[in-house]
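Chain letters run A, B, ... following the sequence lines, proteins first and then strands; every chain starts at 1.
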There are 2 protein chains.
Amino acid sequence: MKDIKIIDVAKRANVSPATVSRVLNGSKLVNAKTEQRVMQVIREMEYIPNNMGKQLRSRKTMTLAVVVSDVLVSYYAEIIKGIENMANSLHYRVLICDAQNQRAKELEFLSFLINHTVDALIMVTPSLSDEELSSYAEDGYRLAVIGREVGHPLIPCSFTDNITLARDVIYHLTEQGHRKIAFLSGYSEATDSIKRLEGFIQALEEAGIPFEQGLVENGDFSEDGGYEAFKRLRSQCEDFTAVFAANDEMALGVYKACAEMDISIPDQLAVVGVDNIRLTNYVVPRISSMEQPLYMMGSVLAEKLIDQINDNRLADQRLFVLNAELVVKESSLRKISN
Amino acid sequence: MKDIKIIDVAKRANVSPATVSRVLNGSKLVNAKTEQRVMQVIREMEYIPNNMGKQLRSRKTMTLAVVVSDVLVSYYAEIIKGIENMANSLHYRVLICDAQNQRAKELEFLSFLINHTVDALIMVTPSLSDEELSSYAEDGYRLAVIGREVGHPLIPCSFTDNITLARDVIYHLTEQGHRKIAFLSGYSEATDSIKRLEGFIQALEEAGIPFEQGLVENGDFSEDGGYEAFKRLRSQCEDFTAVFAANDEMALGVYKACAEMDISIPDQLAVVGVDNIRLTNYVVPRISSMEQPLYMMGSVLAEKLIDQINDNRLADQRLFVLNAELVVKESSLRKISN
DNA sequence: ATGAAAGCGCTAACAA
DNA sequence: TTGTTAGCGCTTTCAT
């Protein structure tokens with residue numbers, strides 16, 4: 001805790017603080033000899049620049065905030081890791097903001113932009129509307145969104161192509177011979193749900209299968225929600241042979257319900273989930289699942305955002321649409337006898 | 001992006017910047033009328049104080065850093081959540097630092113203390129030595145450790161009582177009638193491993209069971225490590241009836257090996273793990289496990305650290321020793337017929 | 001109870 | 001290539 005300042009280094013090296021600053025920031029306008037001498041003194045004195053002074057003067061915090069609904073959920077953790085690694089490699093820091101599923105918290109974290117706690121903010125939460133986010137972007141705050149598309153030219157977004165995702169699931173199931181396929185969706189208002197329903201319907205059409213509203217039921221992306229939704233579905237209709245669950249949590253709920261109802265997977269019912277979480281490999285039969293490139297969604301967006309900060313202008317590409325990939329496991333494979 | 005400054009508010013309210021600052025910081029030395037008028041203007045102008053200026057002047061960042069080995073591991077995520085919630089409720093922010101299992105990264109993050117990026121730092125990683133950490137503390141930097149005890153009077157620590165943890169496991173197993181119990185430890189140098197071995201030996205003694213070195217094998221806290229270690233163990237000795245695994249990951253490795261070797265759990269072998277991760281409830285039979293109070297370890301330490309920052313002195317309690325709790329499931333319960 | 005003024009540590013115009 | 005100087009926005013003595 002010695003608290004050496006730039007002026008101390010400057011004096012010892014017989015230069016001005018400005019020159020020391022130039023050396024520290026890798027300016028080209030410094031004589032090689034001078035630079036060496038200054039560096040030498042910096043090392044000798046173990047000088048480390050004070051970040052607060054630097055921030056105030058340069059009007060940059062070199063920090064990004066990431067707002068997630070819940071740090072515990074592996075979905076978010078993976079995205080965070082992608083952001084972290086990219087940001088760190090570009091000399092940025094990452095402030096994790098856990099909104100704990102509370103809208104009020106999300107709004108609170110937005111103020112980090114206004115009060116200059118961070119240079120930019122990445123929202124990975126669903127609850128703020130496009131309009132709310134757009135109005136911040138309009139005011140000049142750097143904002144980005146992961147997980148959905150926001151229709152504002154100043155807001156970069158990275159997300160999965162959910163229409164294609166759903167279609168890929170249905171292709172796989174129809175290939176396996178299924179004609180009666182149910183869709184266990186998430187919250188009906190979630191853009192994920194809307195897009196996936198769209199893809200679901202498209203793929204059915206392409207396969208010449210009529211769409212039945214009775215084969216769609218909404219849950220809340222949780223295991224319990226999946227369990228309940230599946231039971232509701234089943235009470236309406238008994239003859240579907242496959243279920244496309246909005247995520248693996250809901251697929252696990254289906255497993256639970258099937259265990260109770262003595263429905264055997266995959267013989268009587270094929271199941272496909274989304275996210276390919278670790279647990280899908282530990283239940284029997286293992287759950288086929290669409291794996292989203294979460295790490296990539298985080299890292300491309302962080303890169304884009306930092307690039308934007310540095311150029312102080314919006315680069316060409318704003319939307320990063322990534323594709324999920326089906327990982328086929330036993331839950332959706334018919335036995336050979338079939 | 002209007003960038004209103006404290007001077008703007010001051011002018012409009014016909015007071016000095018000092019008074020506005022007093023109002024903002026809840027100083028008692030402001031006339032009630034004046035305060036009201038200033039507050040009114042602050043609201044009207046939607047003034048939000050610039051954090052950079054505030055930090056520089058007050059020499060506080062109101063930010064804690066948490067250094068973890070890997071944000072993806074649920075063990076760390078739970079601790080982080082505890083820190084986050086406590087810190088936020090005390091108006092602190094949390095900077096997550098993912099060391100990615102690299103010692104060099106950990107050291108890098110330590111510099112956040114020196115360059116005033118954060119006010120204090122919580123290490124949840126194992127690789128920095130007590131000496132290294134102590135020397136920082138000695139220099140006046142605020143540092144805390146989660147997961148192990150560091151013997152320096154200025155470093156608060158929260159951790160699980162690993163001796164008691166191991167003893168509780170062995171009590172449970174001997175109660176079930178086991179006399180030949182193996183211990184699948186983690187890295188042999190890890191303090192967790194050392195303490196648990198100590199508790200393991202103590203409990204055996206108390207139960208009048210001789211300790212056999214051949215029943216101890218080391219792994220690396222991973223599923224694969226557990227798998228390998230179990231096979232090594234088994235090749236040395238075949239007649240143990242129970243395994244205490246250093247964590248649930250290693251217990252999962254035991255499950256994998258047992259499946260291959262046709263050993264039935266719990267009939268031929270009882271298994272107990274540590275951490276009680278979610279996965280323990282999805283394998284069959286479910287894994288009995290010691291649940292550590294991770295969230296609590298994070299929150300008590302954050303509270304302590306912030307308290308220490310505010311008082312600028314070390315309060316009474318430095319060590320927070322918490323107890324794990326056994327969650328008994330089928331993997332360690334003998335069938336009634338036994 | 002309030003204001004004036006100094007300055008936290010740094011960088012960036014502008015001069016030289 | 002280097003130095004001088006003026007702040008970045010805020011808080012905090014010290015007066016009053």
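For B/S16 and C/dT2, the shortest distance from a side-chain N or O to OP1 or OP2 is not below 4.0 Å.
Here the closest non-hydrogen pair linking B/C157 and B/V150 is SG-N, 3.3 Å. For A/V15 against A/V20, the heavy-atom pair with the smallest separation is CG2-CG2, 3.8 Å.
In this structure, the CG atom of B/L29 is 18 Å from the P atom of D/dT16, given to the nearest Å. Straight-line distance from the NZ atom of A/K28 to the P atom of D/dT2: 14 Å, rounded to whole Å. In this structure, B/N14 atom CG and C/dA1 atom C1' are separated by 16 Å, rounded to whole Å. As a whole-Å value, the separation of A/L24 CG from C/dC10 P is 8 Å.
Distance from the side chain of A/N31 is smallest for D/dT1 among the nucleotides D/dG3, D/dT1, C/dG3.
None of A/D130, A/N162, A/T160, A/T191 except one satisfies the side chain to side chain donor-acceptor pair (under 3.5 Å) rule with A/R148; the exception is A/D130.
In this model, no donor atom of one side chain and acceptor atom of the other lie less than 3.5 Å apart for B/N51 and A/N115. Defined by atom type and a distance below 3.5 Å, a donor-acceptor pair is present between the side-chain atoms of B/N85 and A/Q100. Using modelled atom types and a 3.5 Å distance limit, the side chains of A/E138 and A/H152 yield a donor-acceptor pair.
Among the heavy atoms of the strands, none lies under 4.0 Å from A/N115.
Atom CE of A/M62 has more than 12 heavy atoms from other residues, nucleotides or ligands within 6.0 Å. Around atom CD of A/Q40, more than 12 heavy atoms belonging to other residues, nucleotides or ligands sit under 6.0 Å away.
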Please produce a list of atom pairs where a protein N or O lies less than 3.5 Å from an N or O of nucleotides 7-10 of chain D.
{"unit_1": "D/dG7", "atom_1": "N2", "unit_2": "A/R57", "atom_2": "NH1", "d": "3.2"}
{"unit_1": "D/dC8", "atom_1": "O3'", "unit_2": "A/R59", "atom_2": "NH1", "d": "2.8"}
{"unit_1": "D/dC8", "atom_1": "O2", "unit_2": "A/R57", "atom_2": "N", "d": "3.4"}
{"unit_1": "D/dG9", "atom_1": "OP1", "unit_2": "A/R59", "atom_2": "NH1", "d": "3.1"}
{"unit_1": "D/dG9", "atom_1": "OP1", "unit_2": "A/R59", "atom_2": "NH2", "d": "3.4"}
{"unit_1": "D/dG9", "atom_1": "OP2", "unit_2": "B/K5", "atom_2": "NZ", "d": "3.2"}
{"unit_1": "D/dG9", "atom_1": "N2", "unit_2": "B/G53", "atom_2": "O", "d": "3.2"}
{"unit_1": "D/dC10", "atom_1": "OP1", "unit_2": "B/Y47", "atom_2": "OH", "d": "2.5"}
{"unit_1": "D/dC10", "atom_1": "OP1", "unit_2": "B/N50", "atom_2": "N", "d": "2.8"}
{"unit_1": "D/dC10", "atom_1": "OP2", "unit_2": "B/I6", "atom_2": "N", "d": "2.7"}

Please list, pair by pair, any protein nitrogen or oxygen found under 3.5 Å from a nitrogen or oxygen in nucleotides 13-16 of chain C.
none

